There are 2 protein chains.
Amino acid sequence: MHTVQVDSDGLVACASVGLEPGSARWWIQRSDLDRRRRPRLGGLSTERIIGAALDVLREDGLDALTVRAVAERLGTSNASLYRHIASRDELIALIGDHVMGDIRIERTGRGWRADIEVLMSEMRRVILDQPLPDAAGRNMHGYGPNMLRFVNAAVTAFDSAGLSRAEAVYTTIAMIELVAGAATIQRSRSGRSPSGVPAGAGFDELLDRLPPDDVAALRETGDVYLSAPADAVFAHSMAIFLDGVTSRLPAGH
Amino acid sequence: MHTVQVDSDGLVACASVGLEPGSARWWIQRSDLDRRRRPRLGGLSTERIIGAALDVLREDGLDALTVRAVAERLGTSNASLYRHIASRDELIALIGDHVMGDIRIERTGRGWRADIEVLMSEMRRVILDQPLPDAAGRNMHGYGPNMLRFVNAAVTAFDSAGLSRAEAVYTTIAMIELVAGAATIQRSRSGRSPSGVPAGAGFDELLDRLPPDDVAALRETGDVYLSAPADAVFAHSMAIFLDGVTSRLPAGH
DNA sequence: ACCTGAACACCGTTCAAGT
DNA sequence: ACCTGAACACCGTTCAAGT
């Protein structure tokens, strides 16, 4: 898995020679390799592979996202993909950043708070739109070009709010943590069985089986926990976060 | 994968008849099945399986966490595990809640803010301690007994701060989103290649290759983004969140 | 440089047979 | 009720051979 792959023509093939997909050097290496390409007419490309992978993901879900399924959708052999991606992990890292590329970055003209609200909502939207596993994790590493563009926009907005550069960066990381966690948890909370049963069905019965002291407050508010609308929960999370940032602004902002 | 599994003695075997692992009904079903068990001397049990899985996870990492590896560690055949767990997904859901069971829940006596700080730090600690994939996702579903105990403790603390019950619940969800996102992202940020290279190595060179306008702010603060210590970032994220909650408290609190 | 069929070394899961 | 060896239907990845 981590051995070096040498081509018949003596060149190290496409990518990932011991480099972790998503890491800074890995992204550098990828841009190098992309430049050295000689695409054939109607041949494969990383973009076509990502596109097909997104199709598979959207139609058949995450479990169906296999190298073989992507190849079949492209009408080629699965072995062919390995000239453009070094592993399935690379494909997933590429998808992660590609998804971040859908984020619309634009200043609202209505101040930093509005700008950040748009950035947070956009990030949530694209994650929910294209559900990868572990959205908060290595797929959002932070070194892909689209992710860095997003980070830069957030730092700029917090900067304009009056935060120091260092605090703007820390605050940006906090923002990303919150949105990534919110989107991923929403997905699991709204999950259902294959038969269509919501994940929370039977919640009251479940509470009855647990030690009463462990869930005393939940017994009184179970329904709120169970059926809080995802959009309202996110709006509330975002409000807490933005209020917290506001309270830390230097006087005069 | 989702077909019903009937035992030779006519009973539906161990678990998951179309129920999503981690859902409320699935947890109910599991407690039913555990009660119907007749353990043999030196035989298997769900607890022993989880323990072995945690050993594998800690020693050899996530990729090594296969049903077969767990069985080998227990000195049995992999087929034997399927009497206690219905699938690998079930095993992972069980591990997720088991990990949450390590959280120490105790009131500090120093007010709601100190209580919440402890809860957040504890949740982060156990996630980082036992790195499952997708910590923010289905493994933290929210319906396992240990997770519910944790949720209840947080709701209670926010309640004592003066929030309404409904707002206490929303705020608890926001808290979990933040911690889950923070822990998962920290894991990816501190990742390294097999060769030991940090994920961020080569960051400046990477910035040089991107459109200057896309990363203007990062060029000036790249080092902060790159090497912000994880503990400091978390402390900052937590402070923003707690300040935000404070600012939303009704007057008099 | 790119593409491919065939093969390798795995997986999760099932099943019939045993205690 | 529990356990097991053997098998099934996959998977990611590699390799030699072709253009």
Side-chain angles (χ1 to χ4, degrees), chain A residues 1-18 21 32-46 48-49 53 56 60 62-72 74-93, chain B residues 1-18 21 32-46 48-49 53 56 60 62-72 74-93:
Chain A
M1 193 163 171
H2 291 128
T3 51
V4 177
Q5 178 187 355
V6 176
D7 210 354
S8 52
D9 41 20
L11 282 177
V12 172
C14 44
S16 170
V17 187
D32 280 347
L33 290 160
D34 278 351
R35 211 170 296 135
R36 212 180 301 161
R37 280 251 139 71
R38 252 161 260 198
R40 292 188 188 172
L41 212 65
L44 284 175
S45 70
T46 307
R48 285 193 64 209
I49 293 173
V56 172
D60 301 320
L62 174 65
D63 287 345
L65 181 60
T66 68
V67 175
R68 289 170 130 96
V70 175
E72 189 177 17
L74 289 165
T76 50
S77 115
N78 52 329
S80 302
L81 302 197
Y82 285 89
R83 181 146 300 270
H84 299 86
I85 54 163
S87 67
R88 183 176 185 268
D89 278 355
E90 277 203 11
L91 176 57
I92 289 178
Chain B
M1 193 161 172
H2 290 129
T3 52
V4 177
Q5 178 187 353
V6 176
D7 211 352
S8 52
D9 43 20
L11 283 176
V12 171
C14 45
S16 171
V17 187
D32 280 347
L33 290 160
D34 278 349
R35 213 171 294 135
R36 212 179 301 159
R37 280 251 140 70
R38 252 161 260 197
R40 290 187 188 172
L41 212 65
L44 285 175
S45 71
T46 307
R48 285 193 64 210
I49 293 174
V56 172
D60 301 319
L62 175 65
D63 286 346
L65 182 59
T66 67
V67 175
R68 289 170 130 96
V70 174
E72 190 178 16
L74 290 166
T76 49
S77 116
N78 53 330
S80 302
L81 301 197
Y82 284 89
R83 181 144 303 268
H84 299 86
I85 53 163
S87 69
R88 183 175 185 267
D89 278 356
E90 277 203 11
L91 176 58
I92 289 178

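Protein chains get the first letters and strands the later ones, always in sequence-line order, with residue 1 at the start of each. Keep in mind that what you see is a predicted model, and the values were worked out from it rather than measured.
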Just the atom pairs and distances: protein N or O near nucleotides 4-10 of chain D's N or O, under 3.5 Å.
| residue | atom | partner | partner atom | Å |
| --- | --- | --- | --- | --- |
| D:dT4 | OP2 | B:Ser80 | OG | 2.7 |

At their closest point, which heavy atom of A:Asp63 faces which heavy atom of A:Thr66, and how far apart are they?
O-CG2, 4.0 Å
Specify the closest pair of heavy atoms between B:Leu62 and B:Arg88, including all atoms of both residues, with the distance to one decimal.
O-NH2, 4.5 Å
Give the rounded distance in Å between these two atoms: [atom1] of [X] and [atom2] of [N].
X	N	atom1	atom2	result
A:Leu65	D:dC11	CG	P	11 Å
B:His84	C:dT13	NE2	P	16 Å
A:Glu72	D:dG12	CD	P	12 Å
B:Arg48	D:dC3	CZ	P	9 Å
B:Ile49	C:dT13	CD1	P	13 Å
A:Tyr82	D:dA16	OH	P	17 Å
B:Arg36	D:dC2	CZ	P	10 Å
A:Leu74	C:dC2	CG	P	16 Å

A:Arg83 side chain: which of C:dC2, D:dG12, C:dT13 is closest?
C:dC2
Separation between [atom1] of [X] and [atom2] of [Y], rounded to the nearest 0.5 Å:
X	Y	atom1	atom2	answer
B:Glu90	B:Ile49	CD	CD1	10.5 Å
A:Ile85	A:Ile92	CD1	CD1	9.5 Å
A:Leu91	A:Leu65	CG	CG	6.0 Å

Residue list, side-chain contact (heavy atoms from CB on, under 4.5 Å) with [X], at least two apart or on another chain:
X	result
B:Ala79	B:Ser77
A:Thr76	A:Leu44, A:Ala71, A:Leu74, A:Ser80, A:Leu81
A:Thr46	A:Arg30, A:Asp34, A:Arg37, A:Ile50, A:His84, A:Leu94

Read 5' to 3' with Watson-Crick or G-U pairs under 3.5 Å, [ ] for crossing pairs and | for partners on another strand, DNA chain D gives ||.|||||...|||||.||
Under the salt bridge (Lys or Arg N to Asp or Glu O under 4.0 Å) rule, collect the residues that match up with B:Asp32, sequence neighbours excluded.
A:Arg209, B:Arg35
